[in-house]
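Have a look at the structure below, then the notes.
Letters go in sequence order (proteins before strands), and every chain restarts at 1.
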Amino acid sequence: MMEAIPADRHFVDPAPFEPEAGPEGRTESASAWRLILRKFLRHRLAVASAVILIALYAIVPFVEQLAPYGQARRNGDFLYAPPQGVHLFDEGRFIGPFVYPYRAHLDLDTFRRDYKADTSTPQPVRFLCRGDGYDWLGLVHTDLHLVCPPENGTLFLLGTDKLGRDLFSRLIYGARISLTIGLVGVAISFALGLFFGGIAGYFGGIVDAGVQRLIEVVRSLPELPLWLALSAALPPNWSPLLIFFGITVILGLLDWPGLARAVRGKLLALREEDFVQAAELMGASPARVIGRHLIPNFMSHLIASATLSIPTMILGETALSFLGLGLRPPVTSWGVLLNEAQNLAAVQLYPWLLVPVLPVLVTVLAFNFLGDGLRDAADPYH
Amino acid sequence: MIAVILRRILTMAATLLVISALVFIIIKLPPGDYLTNRIMELRATGDASSVAKAELLIKQYGLDRPVWQQYLMWIGVMPGSVGFSGLLQGDWGWSFEYDKPVADVVGDALWLTLLINLTAVVFVHLVAIPAAIYSATHRNTFGDAVVTLLGYVGLAVPGFLLALILLFYANRWFGLSIGGLYDSALTNQPWSWEKIRSLLGHLIVPTLVIGLGGTAAMIRRMRANLLDELAKPYTVTARAKGLPPVQALLKYPFRMSLNPFVADIGNLLPHLVSGSVLVSLVLSLPTVGPLLLDALRSQDQFMAGFILMFVASLTLVGMLISDLTLVWLDPRIRMGLR
């Protein structure tokens, strides 16, 4: 119950002020980020997705160690070998993880290679062993692998391609490129979106109208034909690394309008707030007002939108590489791998070549769930 | 209303102009062009008459002039060697690779592209609206979960791969023939009932693949909209006063949730067109997709430029239609524009 306050004087509580004591005893104060985190943790699907993504990105620096074979290692005797199962028991006897060696022979009627597992000689898989050499992070030359094929044997967990390269190893190498391209592309589109949305929302007027038209133009262009056109414009004599950056820039260049729109909308609402006027009266420059006072106010929302556009980038890279206009062979990405599965023969005869679609699927779904969870958590009115 | 339409068409024309400039810059980006490459090749083989012909083409299309002049000539506001002859006059340029006017090369491909995209739009709406209504009215049931899951998968599977796999199984299980838009025997025949039936059969897989991603996004958005509307007091009132459930759903909340749906066509169309280009490439459909890829690879600039302009105008016209539908559908927007 409220106590009545006499009209002629102010209400002053006679008790000394205690910051710890609130209406329900101790008040809890949590920062905005902590509140967002708390809300996010309640979204189970998003948390699971975050865990999956962290695990996937944890692979990126340790690709060489995790892959049983080197990226370009060819096994000439095993072209289009189907996946080799890893077994634990041989004739009811436990001997740890092992594989049965393949006996290859060429079927002279169909001109296809047949692979038969020779179950008489189980070959145990080696762990923490020496294999193909590599330069780790460009610093250390070593040949340590987590898993290696057995002595004089092979370990094709997901089969091999037309040159006899181990698909599983290439898939792991591809993760490095495919996963980073999304992040770099989003960073570019994020910067562009912040810049254009920022100036449009803050200055308004002519600048706003100009940016709005620009957004409209870019949004009305179908992405893929434009991606195609731009990647066709990349000089063919560029090194694979330069091409990689070129493609990321292209992906980022067309993705920013969504973000710019979000930034602009939020800015238009926020710049009417009192604290902005206060900052301006104290002589803060536009850059400072935007960067220090406005952007932190909707950063969480922006991060959520950016998360949702990473999968578009990953799918975009996959599509471009699939068409042969994206990354080019010595570089391995999931799209490059799928490029090799482009024909009906692959679907019919070598279905394991389609496996790279699974990591794409998992990553894209995980980013979508994560983005949904972040967006819900970042929205204070939900 | 007429003023609104006029203003909207004018902005569209302005946008198209900006796009044409962008497209021209893009097709000019790769160093060199088809003809100079060709001339060097011909010089090397000493084919003098072909060199002369190629040089004639260079003169005719002004490829020796500054880029900005070439652009103005291409859109048709500056006279070239044969007077005003550009996009505005309906001259789409010359395809160097095919050695024919672009109009002759693209021909039917334009209509087929249009047809495929229209079918995809119809498919998206036919599937997404009922699915979203079901999903929203049966919230958190098994059916809702299935629809949501399918939606997510549709969002995550790369279309080109789905096309490949569907094509294979559609052929194996249902005997749908592979690739192209009609049986190869009918390619050069005039249009007949049989050819149309063959076309429809071949449209099934591409429509499914192109529409799936868009359907997934539409279902998600429409479900969210409908859920918002269903939670509002007027829905409760409608039910409380005894309106039959179907009417209480379709008459008010559905109509309200349809609004952002129409506005969304603008977002949907570029994706559909993108998807149709990609899927056409995989399924080798005779649309503009494969032509574009070829033209880009061989730097056949007028061809690539025209196709890019075509797909861009396709989405722009679609957006125009969606905007005008919105004006017609929503009194609030109609009043606001006055």
- Message: Between B:Leu278 and chain A, with a heavy-atom cut-off of 4.5 Å, which part of the residue counts as in contact: side chain, backbone, both or neither?
- Response: both
- Residue among A:Thr318, A:Leu234, A:Leu214 with most heavy-atom pairs under 4.5 Å to chain B: A:Thr318
- For A:Glu216, which residues count as a side-chain hydrogen bond (donor to acceptor under 3.5 Å, both in side chains) partner, sequence neighbours excluded? A:Arg213
Exercise answer: donor-acceptor pairs, residues 248-262 of chain A side-chain atoms, under 3.5 Å, sequence neighbours excluded:
| from | atom 1 | to | atom 2 | distance (Å) |
| --- | --- | --- | --- | --- |
| A:Thr248 | OG1 | A:Phe244 | O | 2.5 |
| A:Thr248 | OG1 | A:Phe245 | O | 3.0 |
| A:Asp255 | OD2 | A:Ser189 | OG | 3.2 |
| A:Asp255 | OD2 | A:Ser309 | OG | 3.4 |
| A:Trp256 | NE1 | A:Leu253 | O | 2.8 |

- A:Ile206 atom CD1: more than 12 heavy-atom contacts under 6.0 Å: no
- Checked B:Ala14, B:Ser274, B:Ala312 vs chain A; the most non-hydrogen pairs under 4.5 Å come from B:Ser274
- Item | B:Leu296 portion near chain A, given a 4.5 angstrom heavy-atom threshold | both
- Atom group of B:Leu22 that falls short of 4.5 Å from chain A, counting heavy atoms: side chain
- Message: At a heavy-atom distance under 4.5 Å, which candidate from A:Thr363, A:Val362, A:Leu315, A:Val360 has the highest pair count against chain B?
- Response: A:Leu315
- Task: Measure A:Pro225 against the heavy atoms of chain B and call it side chain, backbone, both or neither at under 4.5 Å.
- Result: both
- Bottom line for A:Leu228: the part with an atom under 4.5 Å from chain B's heavy atoms is both
- Given a strict heavy-atom distance threshold of 4.5 Å, which part of B:Ala304 is in contact with chain A: side chain, backbone, both, or neither? neither
- Query: Side chain, backbone, both or neither: which part of A:Phe369 has an atom under 4.5 Å from a heavy atom of chain B?
  - Reply: side chain
- Task: Count the heavy-atom pairs under 4.5 Å between each of B:Thr15, B:Val23, B:Val288 and chain A, then report the option with the highest count.
- Result: B:Thr15
- Proximal component of B:Ile307, with respect to chain A [non-hydrogen, under 4.5 Å]: neither
- Given the options B:Thr11, B:Leu308, B:Leu314, B:Ile27, which has more heavy-atom pairs under 4.5 Å with chain A than any of the others? B:Leu308
